[in-house]
Amino acid sequence: MGLNFSKFRTSVKSNYLKIKRSSSSINLTNPSLIKKNFHDEFKFIDGRRYHNVENIHYFFPNDDLEIDRLQLQHYMMRFIWRSNFSSPVRDLLDEGGARVLDVGCGPATWVLEMASEFPKSEFIGVDVVPVMPLTIKPKNVNFEEANLLDGLPFPDNHFDFTYIRFLNCAFPFNLWTTHVIPELIRVTKPGGYIEIMEWDTEIYYQGPITGQLMDALIKEIRCHNIDDKIPEKMTSFLQDSRKLKNITNDSRDSPIGKHGGKVGTLALDNSISAFKLCETKFAEELGLTLEEYNALFEFYKKEVDDYKSHIRTHRFWAEKI
């Protein structure tokens, strides 16, 4: 479970510079180029690549820079939680023959790591766009392009463990109880487990600059008809299904900023990347030029240390009746 933070950060930085150099010579806004290389699954805004799925509200990009961020985020979460999951399924995965589904797998870092750790079990990752490695992968891993809101392409009672992480910003509030949780339950076997992991859309012990940035982010979230308080309601959502038992939740507070050491620095970098995803809109919201908005992060870095800021993540897991 160890992680060489220095080596990982160096790799991410190297990838970032490589992508930046290669993308500077490509006209990403050329419609013919988009159609030829990316079909109708993607759209481009300000040079960043996004999904083009109408009923998914997720507004984060899915290009190589974002994949680097998500991979960094995965290792940060594993370090904070000291595990990749909390459901009591380890013995089942070790024994073999178990089926595991990751919904919204993205670049599939979690799936690939789990498949390596539990080679006797089968892992499937699904996402609305093909950003996962479709060719180079372990033999016990498969991927499918699918949209949970349209129904997952699997039979009832199929998986022993169904996992979903950080998709609060993908679904409007009402769909959690009408579509998301019922579909996760449908594909899970009786006696199998469902696990959901989410962030609090808040930075705790925040200063004035952090507060302004968070206000802009929350305003953006809400304009997509997304509830920024989903973690507070998740246990009730699971209870209301009446098809789950042994409903459990746990949370972790972790530092953001250099005061938190290496993991705090990773959390800081992750937050800055998130704030910069909508930099044009956020700058306008704060009455700043783009240059002034980006300069703000030097003050933000100092502020989270001065205030000893923290973030909070949650895990919810339950057994299907």
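Quick caveat: nothing in here was measured; it's all calculated off a predicted structure.
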- [ ] Check whether any side-chain heavy atom of W110 lies under 4.5 Å from a side-chain heavy atom of C105, and answer yes or no.
- [x] no
- [ ] Answer yes if I230 and F171 sit in the same cluster of Ile, Leu, Val, Met, Phe, Trp and Tyr residues linked by side chain heavy atoms under 4.5 Å apart, and no otherwise.
- [x] yes
TODO: Taking all heavy atoms of K120 and all of E95, pick out the closest pair and write down the distance.
DONE: CD-O, 3.9 Å
Task: Flag if over 12 foreign heavy atoms under 6.0 Å of NZ, K137 - done: yes
Task: For L148, the option from V126, V187, L184, D127 that meets side chain to side chain contact (heavy atoms under 4.5 Å, CB included) - done: L184
TODO: Test F159 against F154 for ring-ring contact (aromatic ring centres under 6.0 Å, His included), laying out the working first.
DONE: CA-CA 9 Å; F159 292 97; F154 307 108; 5.0 Å; yes
Task: D253 with R312: basic N within carboxylate O range, under 4.0 Å - done: yes
Task: Separation between CD1 of I256 and NZ of K308, rounded to the nearest 0.5 Å - done: 13.5 Å
Task: Flag for S86-R315: side-chain donor and acceptor within less than 3.5 Å - done: yes
TODO: Could you give me the CA-CA distance, side-chain angles and deciding distance for S309 and Q206, then say whether side chain to side chain donor-acceptor pair (under 3.5 Å) is met?
DONE: CA-CA 6 Å; S309 298; Q206 61 181 241; over 6 Å; no
Open item on the list: Between H310 and Y205 (judged by ring centroids, cut-off 6.0 Å), do the two rings come close enough to count as a pair?
Closed with: yes
TODO: Would you mind checking if R78 and E113 are paired as a salt bridge, meaning a charged N to carboxylate O distance below 4.0 Å?
DONE: yes
Task: Euclidean distance, L175 CG relative to D227 CG, rounded to 0.5 Å - done: 12.0 Å
TODO: Check the hydrophobic clustering (I, L, V, M, F, W, Y; side-chain heavy atoms under 4.5 Å; chains of links allowed) and say if L217 and Y204 are grouped together.
DONE: no
Open item on the list: Between L213 and L296, is the side-chain contact (heavy atoms from CB on, under 4.5 Å) condition met? List the steps.
Closed with: CA-CA 10 Å; L213 291 168; L296 195 66; 4.1 Å; yes
TODO: State the CD1-CD1 distance between I194 and I164, to the nearest 0.5 angstrom.
DONE: 10.0 Å
Task: Cluster overlap F85 with L92, hydrophobic side-chain contacts below 4.5 Å - done: no
Open item on the list: Are F282 and F275 an aromatic pair, judged by ring center distance below 6.0 Å?
Closed with: no
TODO: In sequence, state the C-alpha distance, the side-chain angles, and the governing distance for E117 and R90, and then conclude on salt bridge (Lys or Arg N to Asp or Glu O under 4.0 Å).
DONE: CA-CA 10 Å; E117 185 176 359; R90 180 171 293 276; 3.0 Å; yes
Task: Nearest-0.5 Å distance, CG of residue N168 to CH2 of residue W199 - done: 12.5 Å
TODO: Would you confirm whether W176, through its side chain, and I181, through its main-chain N or O, come within 3.5 Å as a donor-acceptor pair?
DONE: no
Open item on the list: Quick one, M132 and P107 - any side-chain contact, counting heavy atoms below 4.5 Å?
Closed with: no
TODO: Answer yes or no: is there a donor N or O on one side and an acceptor on the other, between the side chain of N294 and the main chain of L290, under 3.5 Å?
DONE: yes
- [ ] Check whether any side-chain N or O of D305 sits under 3.5 Å from a backbone N or O of H259 as a donor-acceptor pair, and report yes or no.
- [x] yes
TODO: Look at the side-chain heavy atoms of Ile, Leu, Val, Met, Phe, Trp and Tyr, link any pair under 4.5 Å apart, and say whether I321 and W317 land in one connected group.
DONE: no
TODO: May I ask you to check if R165 and Y163 form a cation-pi contact, with NZ or CZ under 6.0 angstrom from the six-membered ring centre and within 45° of the axis?
DONE: no
Open item on the list: Are M234 and M197 packed together at the side-chain level, in the sense that at least one heavy-atom pair is separated by less than 4.5 angstrom?
Closed with: no
Open item on the list: Please evaluate residues S254 and V263 with respect to the criterion side-chain contact (heavy atoms from CB on, under 4.5 Å), reporting the C-alpha separation (whole Å), side-chain torsions for both, the decisive distance (0.1 Å), and the verdict.
Closed with: CA-CA 8 Å; S254 50; V263 71; 5.6 Å; no
Open item on the list: To check you understand the geometry: which heavy-atom pair defines the closest contact between P255 and A267, and what is its length?
Closed with: O-CB, 3.7 Å
Task: F316 vs I247 side-chain heavy atoms within contact, under 4.5 Å - done: no
Task: Same apolar cluster (I L V M F W Y, side chains within < 4.5 Å links), F118/V111 - done: yes
Task: Aromatic centroids of F173 and F237 separated by under 6.0 Å - done: yes
TODO: Over all heavy atoms of both residues, which pair between R69 and N270 is shortest? Give the atoms and the distance, please.
DONE: NH1-OD1, 2.8 Å
TODO: Decide salt bridge (Lys or Arg N to Asp or Glu O under 4.0 Å) for D156 and R186; before the verdict, give the C-alpha distance in whole Å, the side-chain angles of both, and the deciding distance to 0.1 Å.
DONE: CA-CA 5 Å; D156 297 351; R186 181 188 69 79; 2.7 Å; yes
- [ ] Would you mind checking if K189 and D160 are paired as a salt bridge, meaning a charged N to carboxylate O distance below 4.0 Å?
- [x] yes
Open item on the list: When you compare the side chain of P88 with that of Y193, does any pair of heavy atoms fall below 4.5 Å?
Closed with: yes
TODO: Answer yes when R222 and D228 have at least one side-chain N-carboxylate O distance shorter than 4.0 Å, and no when they do not.
DONE: yes
Task: Spacing of K320 atom NZ and N157 atom CG [to the nearest 0.5 Å] - done: 4.0 Å
Task: Parallel, tilted or perpendicular, as decided by the 30° and 60° cut-offs, for the rings of F297 and Y300 - done: perpendicular
TODO: Name all pairs fulfilling the salt bridge (Lys or Arg N to Asp or Glu O under 4.0 Å) condition that reach into residues 278-301, sequence neighbours left out, sorted by first residue then second.
DONE: K219-E285, E220-K281, E298-K301
- [ ] Identify whether the distance between the nearest side-chain nitrogen and carboxylate oxygen of R242 and D240 falls below 4.0 Å.
- [x] no
Open item on the list: Is there a side-chain contact between F79 and L266 in this structure, where contact means two heavy atoms from C-beta onward sitting under 4.5 Å apart?
Closed with: no
- [ ] May I ask you to say whether E198 pairs ionically with K233, meaning some side-chain N is under 4.0 Å from a carboxylate O?
- [x] no
Task: Main-chain N/O of E122 paired to N140 side chain as donor or acceptor, under 3.5 Å - done: no
Open item on the list: Rounded at 0.5 Å granularity, tell me how far CD in Q73 sits from CZ in F166.
Closed with: 5.0 Å
Task: Side chains of H314 and R252, donor plus acceptor under 3.5 Å - done: no
Open item on the list: Does any part of the side chain of E195, heavy atoms only, come nearer than 4.5 Å to the side chain of V89, both counted from C-beta?
Closed with: no
